[in-house]
Every structure is written in structure tokens, then in C-alpha cells.
Amino acid sequence: MKIGVVKEIEFSERRVALIPDVVARLTKQGLEIWVESGAGDLSFFPDTAYVEAGAKIIADKSDLVSGIDILLKVGAPREEEVNLLKSGQIVISFLNPLGRPELIRQLANQGVTAFSMEMIPRSSRAQSMDALSSQASIAGYKAVLIAAAALPKYLPMLTTAAGTIPPARVLVLGAGVAGLQAIATARRLGAVVEAYDVRPAVREEVQSLGAQFIDVTLSEDTTAAGGYAKEISAAAKQHAQEVLTSHIKDADIVITTAQVPGKKAPILVTDAMIAQMKRGSVIVDMAGEQGGNCEGTEAGKDVIRHGVTIIAPENLPATMSVHASQKYAKNVMNLLNHLVKDRSISLDFDDDITNSTCVTHAGEIRNQRVKDALTQVAVTA
Ligand code: NAD
């Protein structure tokens, strides 16, 4: 069985799907690994390290793709990559299936079997394959460093000969994987941290990291299947905003991470709230690529509103490509070990990990939410 890793072609993508350590483990299991020349360059893994690990380096992407059984990627394949794939081949990658259902339809039409890393179930059994979590945790860490670097203040409390400096106040909105890592990082830097999430179940996790959980009692069920958040009603949103206003006003840094799978990100910080913040404060909106949690957010840009800097970085995990690739490669290896038995692929659709992760097979789209997203696209068009 031949497995291929290509060089990512998205402009901001610095990660690679397999790192040499993981290649060594897979080759020991008898799998043949082909790596496109330069695939690991932006994660600082040179071709020579892949060769030492037992991989074969291939100069040309199309030669590589035509000779392999399974293609591994980080970012969803672009048109030119999809065109290289043939019926019966397998692709494992982030595919953004709900955001780009047409790509999934194209993969199905070409007879490609596609596994979407976003669709790994959020269960303990699948934890070692959970790339959304491994990458979100990196993003949460980096978001705090970006905010700290942009803040014209210290984060920790300091007692100095020139007087006492109070600790910065950090507010984290959305306490999922990224939010919890943001809380932990801000605490390590000495800030006073508060957090809010629509799911009350995260209260104890927030408190165990030394942050205060902001109580916004909502009179509706806010948790959907898989532990994700549900979209809340307009009345509940307004109530949450009223409670959050005073906390946002006092914050030096606001990190927003709130997302609802398959939907535009909810607005949690309005322009009126920003107007009440102290000049020089910083917002890092981690939901920028999904429309943003903050009014005025522009994905990929820094914007100044009412003296507050709103930063909406794109693809934060790619900015830490060494560890992001290391974690992603382990996630992919664990999924491969789940799917490959005796050096050949064995698909058991009664298994929940295989069933939910495999979005196309034998010419069919296998996921109802993707089919619904396609219908939605057709209606909107
Ligand atoms: P996510 O990226 O989808 O969303 C980030 C956070 O935003 C979530 O905590 C969500 O509740 C919150 N949010 C959504 N709307 C909001 C609003 N209006 N106001 C405030 N907060 C809002 O979430 P995620 O980090 O991918 O995690 C989703 C869930 O999966 C979490 O419960 C997480 O603990 C769980 N999880 C479980 C496992 C496992 O069991 N192995 C692994 C990873 C994550």
C-alpha cells in the first residue's frame, strides 16, 4: 500500500501531513510512503529527514498522486489536486465538508473515497485522531501571544520601585478546546482571566484553570449532539450580551472563539460594546474565518475601532508549523492505523469513526449534513 504526502499549496499553509518520525513508524509497519520534494520545508523537515525515515521523495506532484493509494493532506485539495485523483483512490485531509459541499460532490463524482478530519467524532475512543482539537489548542495558545504582543501593557502584576502594576484582565468568550488553551496561556502569563461559554458544562473546566466563569443563565438547551453548541435564540443572545457588556468594558484583552458547526459564527461583541472598552485594548477574534464574533472583524486583518485593535488571524496553527504538523501527523497516523489492516484498507461502516469520517465512497456522498448543505447551495443559487 502506497501513501503519498504532497506539498501544501495554499498560500498561508506551512504544515505538512506527515513528519519524518511518523513516516518511520509507518514504514516499519510495511507501508510505502512517497513524499513530494519540499513538502516539509515550511515545517523545517527537509527531504533528507524523510529519506532517512524510509520515504521516497518524488519531484513531481502528478507523478506522486498517480502512483499512490492514499493521499494525505492538511488543507482541502485545490481544483488542480482534485483533478489528479482517480476513482478508487483515497484522500484523508481537512475538507471543510459543510463549508465546501461542492468539493465533496466533486470527489464523490470522481469515485474518490474521502475522509474528512473535521468529522472525527469527539469521543474518547477517537481522541488520538482528533485533529480539530490538536490544532485548536495550538490556535488558542497563539491567540493569547498575539494579543499580549499587541497590548501596550504588561500581563502579570508587577511590584516595582516605580510602583505597582495591576495584572491585565483577559476575557475569553467560548471555552471549547481553543478557549481553554487560551485561558491556560493567559493565566501562565499572569493575567486575571474570566470566561464565558453558552454551554454551562464547561464551568468546572474554566474554574479548574484558575479563571472565573461568567454566569449568564439561559432558559434554553444550548448543547447539541457531540457536545457542540447549538445556535441560541435572538432573545437569549440579547440577554447574554447585556450580561457580558460590563465584563467586556473592563477587559484589556478579549479572545473570542465561539463557533457553531456549519453556521456563521455568532456576534458576541458589538460595536457599542467596543466603544465602551479602554483605548489600547485588544480583541483577537479567532472566529474571523467564519464571519467573526466581533462587529468590525475583517478576517486576516488588524482593524482599529474606537481605539481598540481587533485582530482576526487566519490559520493560526500554520504559524506554529513544527508542532502543528507533529500533532496532525499523529492524528492522521492513528486514523490510518484504524483503517488499514494487514497493509490494505478495510472499511467497516458499522464502526462510528469510519462511518462519520468517510464523507464519500463508491461515487456517493455519505454524510446527510453535506447533502443538506448542497441542497442549501442549490436553493441560494
Ligand atoms: P467549537 O470550536 O465548535 O466552538 C468553540 C466554543 O464556542 C464551544 O465551547 C461553544 O460552546 C462556544 N460557543 C458557541 N456559541 C457560543 C455563544 N453564542 N456564546 C458563547 N460561546 C459559544 O468547539 P470545540 O472546541 O471544537 O469543542 C466542541 C465540543 O466538543 C466541546 O464540548 C468540547 O469539550 C468537546 N470535545 C470533546 C472531545 C472528546 O470527548 N474527545 C474532544 C474535543 C472536544
Side-chain angles (χ1 to χ4, degrees), residues 1-6 8-9 16-18 22-23 26 29-36 39 58 61-121 123 125-126 128-132 328-374:
M1 164 141 310
K2 294 191 189 76
I3 296 174
V5 175
V6 287
E8 298 293 321
I9 48 182
V16 60
L18 286 185
V22 172
V23 168
L26 293 171
Q29 293 169 25
L31 299 170
E32 198 173 322
I33 314 289
W34 291 10
V35 177
E36 183 183 351
I58 309 282
K61 193 187 291 273
S62 56
D63 288 345
L64 182 144
V65 176
S66 66
I68 54 167
D69 304 293
I70 304 180
L71 172 65
L72 303 181
K73 283 203 84 246
V74 180
R78 288 229 298 234
E79 184 75 26
E80 59 265 45
E81 293 173 316
V82 175
N83 290 339
L84 296 175
L85 290 165
K86 302 270 178 322
S87 179
Q89 283 184 308
I90 294 171
V91 61
I92 299 178
S93 178
F94 280 125
L95 293 172
N96 189 9
L98 301 180
R100 294 188 55 199
E102 294 99 335
L103 166 67
I104 306 303
R105 176 164 55 197
Q106 197 183 344
L107 290 167
N109 288 347
Q110 284 181 220
V112 173
T113 296
F115 288 86
S116 161
M117 292 303 286
E118 292 93 338
M119 293 298 188
I120 297 277
S123 62
R125 200 163 81 90
S128 65
M129 309 168 202
D130 184 354
L132 274 186
Y328 184 77
K330 290 257 175 71
N331 296 142
V332 168
M333 178 187 76
N334 290 323
L335 177 61
L336 277 173
N337 285 340
H338 187 75
L339 300 173
V340 176
K341 305 274 178 283
D342 297 327
R343 291 179 218 169
S344 69
I345 200 100
S346 125
L347 298 183
D348 170 10
F349 291 119
D350 289 332
D351 171 82
D352 74 314
I353 297 175
T354 307
N355 188 40
S356 54
T357 312
C358 182
V359 288
T360 66
H361 181 61
E364 300 288 338
I365 297 177
R366 298 192 61 262
N367 183 293
Q368 190 53 45
R369 284 161 72 208
V370 177
K371 288 183 194 167
D372 294 345
L374 272 172

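Note that these values count all heavy atoms, side chains included, but never hydrogens, waters or copies made by symmetry.
Applying the ring-ring contact (aromatic ring centres under 6.0 Å, His included) rule to Tyr328 yields the partners Phe94; only residues at least two apart in sequence or on another chain are considered. The salt bridge (charged side-chain N to carboxylate O under 4.0 Å, His left out) check on Asp63 picks up nothing, with sequence neighbours excluded.
Residues Leu336 and Ile3 have side chains in contact (heavy-atom distance under 4.5 Å, counting atoms from C-beta outward). The side-chain heavy atoms of Gln29 and Asn337, taken from C-beta on, include a pair separated by under 4.5 Å. For the pair Thr113/Leu107, no side-chain contact is recorded, criterion being any heavy-atom separation below 4.5 Å from C-beta on. Side-chain contact between Arg366 and Ile104 is absent, with no heavy-atom pair separated by less than 4.5 Å. By the 4.5 Å heavy-atom criterion applied to side chains, Ile90 and Ile345 are counted as neighbours. Residues Leu335 and Ile353 are in side-chain contact: their nearest non-hydrogen atoms beyond the backbone lie under 4.5 Å apart. Within the 4.5 Å cutoff, the side chain of Phe115 has no heavy atoms near those of the Ile120 side chain. Side-chain contact check for Lys86 versus Gln110: every heavy-atom pair is 4.5 Å or farther apart.
Between the side chain of Thr360 and the backbone N or O of Ile365, no donor-acceptor pair lies under 3.5 Å. Under a 3.5 Å cut-off, the side chain of Glu118 and the backbone N or O of Leu132 do not form any donor-acceptor pair. No side-chain donor-acceptor contact under 3.5 Å links Ser346 to the backbone of Val340. For the pair Asn355 (side chain) and Asp350 (backbone), a donor-acceptor distance under 3.5 Å is absent. In this structure, the side chain of Gln89 does not engage the main chain of Leu71 through any donor-acceptor pair within 3.5 Å. A donor-acceptor pair under 3.5 Å is formed between the side chain of Glu81 and the backbone N or O of Arg78. The main-chain N or O of Ser128 is found under 3.5 Å from a side-chain atom of Asn334 such that the two form a donor-acceptor pair.
Of the charged side-chain nitrogens involved, at least one lies within less than 4.0 Å of a carboxylate oxygen, so that Asp351 and Arg125 count as a salt-bridged pair. Using a 4.0 Å cut-off between charged side-chain N and carboxylate O, Lys61 and Glu80 make no salt bridge.
In plain terms, the two heavy atoms of Asn331 and Ala131 that are nearest each other are OD1-CA, 3.2 Å. Considering all non-hydrogen atoms of both residues, Ser93 and Val74 come closest at OG-O, 3.2 Å. What you find for Met119 and Pro97 is that their closest heavy atoms are CE-CG, 3.5 Å. The shortest non-hydrogen separation linking Ala126 to Pro121 is CB-O, 3.4 Å. Of all heavy-atom pairs between Leu84 and Ser62, the closest is CD2-CB, 3.6 Å. Nearest heavy-atom pair across Leu18 and Ile33 is CD1-CG2, 4.1 Å.
Annotation: the span from Asp348 atom CG to Leu339 atom CG amounts to 10.0 Å, rounded to 0.5 Å. The structure places CD of Glu364 at 10.0 Å from CG of Asn109, a figure rounded to the nearest 0.5 Å. Atom CG of Leu347 sits about 6.0 Å away from atom SG of Cys358, to the nearest 0.5 Å. For the atom pair CG of Asn367 and CG of Leu98, the computed distance is 6.5 Å after rounding to the nearest 0.5 Å.
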Inset, instruction - Might you work through the side chain to side chain contact (heavy atoms under 4.5 Å, CB included) test for Asn83 and Gln106, ending with a clear yes or no? - result: CA-CA 9 Å; Asn83 290 339; Gln106 197 183 344; 3.7 Å; yes
Item to complete: Please assess Lys73 against Val6 for the test side chain to side chain contact (heavy atoms under 4.5 Å, CB included), listing each intermediate value before the final yes or no.
Response: CA-CA 7 Å; Lys73 283 203 84 246; Val6 287; 3.7 Å; yes
What's the verdict on side chain to side chain contact (heavy atoms under 4.5 Å, CB included) for Glu36 and Ile58, showing C-alpha distance, side-chain angles and the deciding distance?
CA-CA 5 Å; Glu36 183 183 351; Ile58 309 282; 5.8 Å; no
Could you go through His338 and Met129, starting from their C-alpha distance and side-chain angles, then the distance that decides it, and tell me whether this counts as side chain to side chain contact (heavy atoms under 4.5 Å, CB included)? CA-CA 9 Å; His338 187 75; Met129 309 168 202; 4.0 Å; yes
